[in-house]
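See structure below.
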Amino acid sequence: AFVNLKRLEADDIVYVDYNGIRYAYKVTEKKIASSTDLSYIQPNEDATITLVTCDPPGTDNNRLYVRAIQISPDPLKNKEI
């Protein structure tokens, strides 16, 4: 589903629609890691999203992680779902 994820770069904007609300996230970093390294997807305190895909696409060699921080709506106003 994320075959073009590698095209994202720092400061690109990613949109996620959930329950009628559009959330905007700014890409902060990309990382390629082994498929067994799950350290990059651990919970944190920040309003972030981590998108994951296979790298290269169609293999299970590595994972490409793209992390982005929520910029809209204001994350300080987030309510627990």
Side-chain angles (χ1 to χ4, degrees):
F2 291 137
V3 71
N4 290 316
L5 199 59
K6 64 184 174 190
R7 296 171 132 183
L8 289 174
E9 298 295 336
D11 297 328
D12 283 350
I13 305 298
V14 175
Y15 296 96
V16 176
D17 293 320
Y18 180 74
N19 278 349
I21 300 172
R22 175 163 279 191
Y23 295 87
Y25 295 84
K26 184 187 287 189
V27 173
T28 56
E29 57 186 310
K30 288 182 2 181
K31 177 182 179 177
I32 295 176
S34 74
S35 60
T36 58
D37 180 1
L38 302 178
S39 64
Y40 201 69
I41 56 172
Q42 298 302 314
N44 63 52
E45 298 287 324
D46 301 322
T48 60
I49 189 170
T50 303
L51 306 173
V52 184
T53 192
C54 299
D55 185 76
T59 70
D60 63 356
N61 300 342
N62 296 305
R63 299 291 183 261
L64 169 63
Y65 296 98
V66 175
R67 179 160 298 148
I69 191 161
Q70 183 180 337
I71 57 173
S72 176
D74 183 350
L76 296 176
K77 296 179 181 176
N78 283 351
K79 295 180 181 172
E80 202 167 309
I81 298 172

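Starting from 1, each residue takes its place in the sequence as its number. Just so you know, these numbers come straight off a predicted model, no measurement behind them.
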Note to self: To check you understand the geometry: which heavy-atom pair defines the closest contact between Ile21 and Pro73, and what is its length?
What the structure shows: CG2-CG, 4.1 Å
Margin query: Can you confirm whether more than 12 heavy atoms, excluding those of Lys6, are under 6.0 Å from its NZ atom?
Written below: no
Notebook entry, point to check: Tyr40 ring centre to Arg63 NZ or CZ under 6.0 Å, with the angle to the axis within 45°?
Noted result: no
Note to self: Go through it in stages, so that I can follow the logic: the residues are Tyr65 and Lys30, the test is side chain to side chain contact (heavy atoms under 4.5 Å, CB included), and I'd like the CA-CA distance, side-chain angles, deciding distance and then a yes or no.
What the structure shows: CA-CA 6 Å; Tyr65 296 98; Lys30 288 182 2 181; over 6 Å; no
Notebook entry, point to check: Do Asp46 and Thr48 get their side chains close enough for a donor-acceptor pair, meaning under 3.5 Å?
Noted result: no
Checklist line | Distance (rounded to the nearest 0.5 Å) between Asp60 CG and Asp55 CG | finding: 12.0 Å
Margin query: Set out, in order, the CA-CA distance, both residues' side-chain angles and the distance that settles side chain to side chain contact (heavy atoms under 4.5 Å, CB included) for Val16 and Ile49, then state yes or no.
Written below: CA-CA 10 Å; Val16 176; Ile49 189 170; 3.7 Å; yes
Next item on the list: Write out all pairs satisfying salt bridge (Lys or Arg N to Asp or Glu O under 4.0 Å) with one or both partners inside residues 10-23, taking only residues at least two apart or from two chains.
Entry: Asp17-Arg22
Margin query: If I compare all heavy atoms of Asn62 with all of Ser34, which pair ends up nearest, and what's the gap?
Written below: OD1-CA, 3.6 Å
Notebook entry, point to check: Taking C-beta and beyond as the side chain, do Tyr18 and Tyr23 meet within less than 4.5 Å on heavy atoms?
Noted result: yes
Check: Looking at Thr53, Leu8, Thr28, Val52, which hits side chain to side chain contact (heavy atoms under 4.5 Å, CB included) with Val66?
Finding: Leu8
Next item on the list: Determine, step by step, whether Tyr25 and Ile69 satisfy the side chain to side chain contact (heavy atoms under 4.5 Å, CB included) criterion, reporting the C-alpha distance in whole Å, the side-chain angles of both residues, the deciding distance to 0.1 Å, and the verdict.
Entry: CA-CA 5 Å; Tyr25 295 84; Ile69 191 161; 5.8 Å; no
Check: If two hydrophobic side chains count as joined below 4.5 Å and joins carry through other members, does Ile32 share a cluster with Val27?
Finding: yes
Checklist line | Working for side chain to side chain contact (heavy atoms under 4.5 Å, CB included), residues Asp37 and Lys31 | finding: CA-CA 11 Å; Asp37 180 1; Lys31 177 182 179 177; 4.3 Å; yes
